[in-house]
Protein chains: 2
Amino acid sequence: MADGPTINTIAERAGVSIASVSRVLNGLPTRQETVRKVMAAADELGYVRNAVARSLKSRRTHQVAFAMADVGNPAYLAMLRQIQPVLKAAGYRLVLHSTDAVVADEIDVLHSLGERYVDGLIMSPLRVTEAHLQMLATARAPVVIIGSVPEGTRVDNVRADSRTGVRLAVDHLYALGRRRIAMINGPLDTVPGAARGAAYREALRDLGLPYDESLVQIGDFYRQEGAAAVAALLARVPDVDALMCANDLIALGALDVLRAAGKRVPEDVAVVGMDDTDLAAASWPSLTSVSLGSAERGKAAAELLLERLQGDDGEPRVVTVPPRLAVRASTAGADQGSADQGSAGQGKTGQGKTGQGKTDQDSADQGSADQGRAGHGRKEGGQ
Amino acid sequence: MADGPTINTIAERAGVSIASVSRVLNGLPTRQETVRKVMAAADELGYVRNAVARSLKSRRTHQVAFAMADVGNPAYLAMLRQIQPVLKAAGYRLVLHSTDAVVADEIDVLHSLGERYVDGLIMSPLRVTEAHLQMLATARAPVVIIGSVPEGTRVDNVRADSRTGVRLAVDHLYALGRRRIAMINGPLDTVPGAARGAAYREALRDLGLPYDESLVQIGDFYRQEGAAAVAALLARVPDVDALMCANDLIALGALDVLRAAGKRVPEDVAVVGMDDTDLAAASWPSLTSVSLGSAERGKAAAELLLERLQGDDGEPRVVTVPPRLAVRASTAGADQGSADQGSAGQGKTGQGKTGQGKTDQDSADQGSADQGRAGHGRKEGGQ
DNA sequence: TTGTAAGCGTTATCAA
DNA sequence: TTGATAACGCTTACAA
């Protein structure tokens, strides 16, 4: 941890000026002999360029921030998974912020752009407030927003299309012959809650199905609450034959309750979740789920930002990532296994999981597994 | 994106020297009138301190790096989840590196410490090579290693105890009356594979059970491979009554195969996984799993590092986090539901999800309910 | 080809 | 209480 050498140290050691050292280090034309001396000195001293000083001079940090609402949320993690390698490949470091979905925190991050510790920012806000818009307008570095922003906002943004997503699911259920399709939603005063609720209504209308209030049950976006909501619904409408759940957790809760109630899935009741998290493939029966393309959105956002960092200052762009339906056992019936059986959306999955795709979770958890292929046995567990 | 104002801009505007501006900004004793003028100017111009310049001067970046092997791995994510808030609370930013378990990349990160873009580093290497040890010895900033390092290595480290973990599981199965306990492991040339295999053997011995090679099946740490391994085992030993799986994915594969084979879980065969990932709680039947305390390890590592950053330069410390058995339906039998039914370790759930968790993504999964037990890793103090 | 010197935006010392 | 001024470690005119 000794104080590292600087170009001054090297210059002295090599008997040249700091300018020469800098030139050598940057590969600028220099006499061979000088190059040799400098390199030798640098090697011996274990010299490493100070990134902070370089940044101060160059006004570039080679860092990009990603502000996610919640480090614990699989959807954001899916974004992170894609963003990280893209940035890394372009020579950028990733600074991670977790705003806990608190608006003030998000504003803070936007404000801190003025500190110039990053060259740009990718942010995925829960909802976009007036304060957000103001900060965005005066942001001191390029920003890409993952999520929708009001028409006319001058900022790059990458959005999902949950309306189409819900429609894919409802159409799928309809195609399977289901006619009493219930909606288990989260609170309507949330952005997704509202959007999904409306999309459900719309999808039914377009299919010529009546909108039946008794088929709509509001709970919250968690497993317990989802279960409770489904229990309530079941008590009210025993002959419901399909559940459109506003996210995967709700759907898992639904599976719990249906099982307890002796209903077969999908024979008696088909179930669809949303977000297509790892949990969907892991559950049993495996869960048909609508992917809103978190991974793709993350990748697109990173790419947009990189273009900005490379100097593109054209008009703000909007990228919309299409949803995709991952059909699994909870609606398909046939193969009760776990693998995806196809997808309604655009063919190709795009990025999907990373690795060479062992199992569907893939890298999901090499768990500790990973810890070390090839490892020769250094002991793991302590003591 | 206009070039932000600097203290020079402010000084001019306020009609004072940059020194005065700096003083005001840092709350050093200054005449009221001057303070007023400076603040006014700063406000009007929307001044924000330049973090890079401050870092250059102060030799502190207020950034800490976390080098994880794989952004996609739940075990590392659990660490990240704990590390992030601890650092944030202490005023540090988090720089994320994903090394893809490539040794060269890890060495690189260690080397880059010389660039001084962070004040410290938390690293969770797959395995610790000679190269690691050398870099660690000359690291230019404090480092905390998550994982075991060779005896005598002068570096803080936080380790899991998979040996005790396996034992908890085997003991549990034994207590349930199971006597034909099979081990479904990953490759033995991996650190965890070797450790878990040995621990299994040892646990049996201590219980007075014979070590029966036909009860051991090696596959890989993924669902498909786990399923294949279990199928092979089942063909060989039809009356096996318990499966100790080396991770959760393998265990999920086991559930698939058992179901297909018409075996009831846990009545006919009890199943235990390892790592206690989100998937364990989501599966059906929910999976009893051994947590190796990823979350706690992350937290402990962050805390250790913070102490170093605050100047503690005592002897290197080793913290060992105890494993914990999360008992669920795949062994408990009683409640087939999804909730944890208890745990060998500490009670209470601790942090859990943040925010009001509305939206969609939101906290997609609390699934991991337990992720954040209070975790008291006992410190063992510097050897 | 090389060295001197002027910044990059702060903080901190030292006189005044 | 304040203002010059010298660093921090590097890059880059500009001279030599």
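Numbers restart at 1 for each chain; the letters A, B, ... are given by sequence-line order, proteins then strands.
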### Message
Under 4.0 Å, heavy atom to any atom of DNA chain C: which of residues 30-44 of chain A qualify?
### Response
Thr30(A), Arg31(A), Thr34(A)
### Presence of Ser20(A) side-chain N/O under 4.0 Å of dG3(C) phosphate oxygens OP1/OP2
yes
### Message
Going by salt bridge (Lys or Arg N to Asp or Glu O under 4.0 Å), name the residues that satisfy it together with Glu33(A), two or more places apart in sequence or in a different chain.
### Response
Arg36(A)
### Message
Holding to salt bridge (Lys or Arg N to Asp or Glu O under 4.0 Å), I want the full list of residues that pass it with Arg13(A), two or more places apart in sequence or in another chain.
### Response
Glu44(A)
### Which residues share a salt bridge (Lys or Arg N to Asp or Glu O under 4.0 Å) with Arg308(A), sequence neighbours left out
Asp156(A), Asp312(A)
### Task
Sugar-phosphate atoms are those with a prime plus P, OP1 and OP2; base atoms are the rest. Using that split, label each nucleotide of nucleotides 6-16 of chain C B, S or - for protein heavy atoms under 4.0 Å, 5' to 3'.
-BBBBBBB---
### side-chain hydrogen bond (donor to acceptor under 3.5 Å, both in side chains) evaluation trace for Ser112(B) with Tyr117(B)
CA-CA 8 Å; Ser112(B) 73; Tyr117(B) 65 97; 3.1 Å; yes
### Task
With sequence neighbours excluded, give me every side chain to side chain donor-acceptor pair (under 3.5 Å) pair touching residues 47-58 of chain A.
Asn26(A)-Arg49(A)
### Query
Should the pair Asp105(B)-Lys88(A) be classified as a salt bridge under the 4.0 Å nitrogen-to-oxygen rule?
yes
### By side-chain contact (heavy atoms from CB on, under 4.5 Å) - contacts of Ala14(A) (at least two apart)
Val16(A), Lys37(A), Val38(A), Ala41(A)
### Message
For Arg93(B), is there an ion pair with Glu115(A) - N to carboxylate O distance below 4.0 angstrom?
### Response
yes
### Query
Does atom CZ of Arg317(A) have more than 12 heavy-atom neighbours from other groups under 6.0 Å away?
yes
### Query
For the helix from dT1(C)-dA16(D) to dA16(C)-dT1(D), what angle lies between the axis at the first five pairs and the axis at the last five pairs, to 10 degrees?
50°
### Query
Taking 5' to 3' order, which nucleotide of DNA chain D is first and which is last to have an atom within less than 4.0 Å of a heavy atom in chain A?
dG9(D) to dA13(D)
### Message
Could you work out, with salt bridge (Lys or Arg N to Asp or Glu O under 4.0 Å) as the rule, every residue matching Arg59(A), not counting sequence neighbours?
### Response
Asp3(B)
### Message
List the residues meeting ring pair (Phe, Tyr, Trp, His ring centres under 6.0 Å) with His62(B), not counting sequence neighbours, and say none if there are none.
### Response
Tyr92(B)
### Message
My understanding is that only residues two or more places apart in sequence, or in another chain, count here; which of them pass side-chain contact (heavy atoms from CB on, under 4.5 Å) with Ser17(B)?
### Response
Ala19(B), Ser20(B)
### Query
Do you know which of Arg297(B), Gln84(B), Met68(B) makes side-chain contact (heavy atoms from CB on, under 4.5 Å) with Met79(B)?
Arg297(B)
### Query
With sugar-phosphate meaning primed atoms plus P, OP1 and OP2, does Val16(A) contact a base, only sugar-phosphate, or nothing at under 4.0 Å between heavy atoms?
sugar-phosphate
